[in-house]
Trainee: 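Would you mind keeping the following structure in view while I ask a few things?
Note that the structure is a prediction, hence the values are computed from the model and not measured.
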Amino acid sequence: MTSQAQATPPTTGAAHVVASTAPEDAPGDRVDALLDRLSSLPSLMVAFSGGADSAFLLAAAVRALGPERVEAATAVSPSLPRVELERAREFAAGLGIAHHAPSTDELSREGYRANAGDRCFFCKTELMSVVGPLAAARGIAAVATGTNADDVRAGFRPGIRAAANAGALTPLADAGLTKSEIRAASQSWGLPTWDKPAAACLASRIAYGVEVTADGLERVAGAEHALRRALDEAAIPVRNLRVRDMGGDTAKVEIDAELVARVAERPEVLAVVEGFAEVRLDERGFRSGAMNELLPNPERYR
């Protein structure tokens, strides 16, 4: 496993990550292909965000290799919601594997703080610069991420390129497993993460071009926590929720599309979002990767 202390992202070209399993194969065949691939590895460390994809990869690795040959690493930084670390620890403990929580320092990287369309490249480069050496020190043969086949097809994934540059494996994508197939397989295996909502890092809440700072990350984290609690008290069963810092001291709230009308009728709920001069509700509702819609030239970062 190699890693980079610093990196300059190319402005063109895609990561050399492909889904190798034919699309006509049944999902069960793709899960079998995943297990076969994992069983060929001497040992594996999973870069474990706590999300559905990396959780499934961890569980699959344990099935293929046994818990003694699998470890997990969850990077701790201001961009990680605190609750996610505890959930990751609990999940890893349930599998009986070693779990590490190394600190990463994305904010030390100028490209990350600048928050252009390639921010994720610098974030993932930082992650691999920490997890790669950790795996080597532990005698672990390989590092893998939870990148799935949908991620690869989406194209706009600077972080995938960074992880590929560092030599990380992408077993889910290589097996051709999509997000929906991973959720279905996770449910059949009884994993509690099978229906877990997407939980991207806190930096994804900050509009491109707005500098990422520790205070800014803490502000959106606090706003989301307060809003989720207020929605719960109002008996509005939100699943997906984002408070996005749009710059200019303005916040945009995204929630499940079917709940937008109910929240719009309850201005006192939105009033709990503090730290911003203006808070507005997105009428289109939650959309994963909504910030990418604002990039004037997303092709530059593919």
Trainee: Less than 4.5 Å apart, any side-chain heavy atom of Arg244 and any of Asp282?
Mentor: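 A side-chain contact under 4.5 Å is absent here.
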
Trainee: Would you say the side-chain atoms of Ser49 and Ser54 include a donor-acceptor pair closer than 3.5 Å?
Mentor: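 There is such a pair between these side chains.
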
Trainee: Do Thr145 side-chain atoms and Thr170 backbone N/O form a donor-acceptor pair below 3.5 Å?
Mentor: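 Not confirmed, Thr145 side chain does not pair with Thr170 backbone.
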
Trainee: So, does Arg205 use its side chain to make a donor-acceptor pair with the main chain of Ala200 at under 3.5 Å?
Mentor: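 Such a contact is found between Arg205 side chain and Ala200 backbone.
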
Trainee: Should Leu107 and Val210 be counted in the same cluster of Ile, Leu, Val, Met, Phe, Trp and Tyr side chains packed under 4.5 Å apart?
Mentor: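 Same cluster: Leu107 reaches Val210 through Ile, Leu, Val, Met, Phe, Trp or Tyr contacts under 4.5 Å.
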
Trainee: With a 3.5 Å distance limit and no angle check, can you tell me whether Arg242 reaches the backbone of Phe286 through a side-chain donor-acceptor pair?
Mentor: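 Flag not set: sc Arg242 to bb Phe286 has no pair under 3.5 Å.
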
Trainee: Are Leu202 and Phe276 connected in the hydrophobic side-chain network, where two residues link if heavy atoms are under 4.5 Å apart?
Mentor: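 Linked, Leu202 and Phe276 end up in one cluster.
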
Trainee: Report the relative orientation of the aromatic rings in Phe48 and Phe91; use parallel for angles under 30°, tilted for 30 to 60°, perpendicular for over 60°.
Mentor: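 Phe48 and Phe91: tilted rings.
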
Trainee: Tell me, with the steps shown, if Glu86 and Arg89 meet salt bridge (charged side-chain N to carboxylate O under 4.0 Å, His left out).
Mentor: CA-CA 5 Å; Glu86 291 308 312; Arg89 283 174 172 158; 2.9 Å; yes

Trainee: Any chance you could measure Ser43, atom OG, to Ile140, atom CD1, to the nearest 0.5 Å?
Mentor: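 Interatomic distance, Ser43 OG to Ile140 CD1, rounded to 0.5 Å: 4.0 Å.
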
Trainee: When rounded to the nearest 0.5 angstrom, what distance separates CG in Asp245 from CD in Glu211?
Mentor: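 If I round to the nearest 0.5 Å, the distance is 11.5 Å.
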
Trainee: I'd like to know if the side chain of Thr104 reaches the main chain of Glu106, judged simply by a donor and an acceptor atom lying under 3.5 Å from each other, with no hydrogens or angles considered.
Mentor: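 No, Thr104 side chain to Glu106 backbone: no donor-acceptor pair under 3.5 Å.
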
Trainee: Using the salt bridge (charged side-chain N to carboxylate O under 4.0 Å, His left out) rule, take Arg239 and Glu258 through it: C-alpha gap first, then chi angles, then the decisive distance, then the call.
Mentor: CA-CA 11 Å; Arg239 175 177 171 82; Glu258 64 273 16; over 6 Å; no

Trainee: Which is it for Arg113 and Glu110 under the salt bridge (charged side-chain N to carboxylate O under 4.0 Å, His left out) test, yes or no, and what are the steps along the way?
Mentor: CA-CA 5 Å; Arg113 296 192 309 273; Glu110 182 179 354; 5.2 Å; no

Trainee: What distance separates Arg262 CZ from Ile255 CD1, expressed to the nearest 0.5 Å?
Mentor: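 Between Arg262 CZ and Ile255 CD1, I get 9.0 Å after rounding to 0.5 Å.
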
Trainee: Is there a donor-acceptor pair under 3.5 Å between the side chain of Asp256 and the backbone N or O of Asn240?
Mentor: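 Answer holds: yes.
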
Trainee: Flag yes if more than 12 heavy atoms outside Glu278 fall under 6.0 Å of its CD atom; otherwise flag no.
Mentor: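 Yes, CD of Glu278 has more than 12 neighbouring heavy atoms, counting only those of other groups under 6.0 Å.
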
Trainee: Sub-3.5 Å donor-acceptor pair from the side chain of Arg219 to the main-chain atoms of Gly275, do we have one?
Mentor: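 At least one qualifying donor-acceptor pair exists.
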
Trainee: Is the CD atom of Glu274 crowded by more than 12 outside heavy atoms at less than 6.0 Å?
Mentor: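 No - once you tally the heavy atoms of other residues, nucleotides and ligands closer than 6.0 Å, there are 12 at most.
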
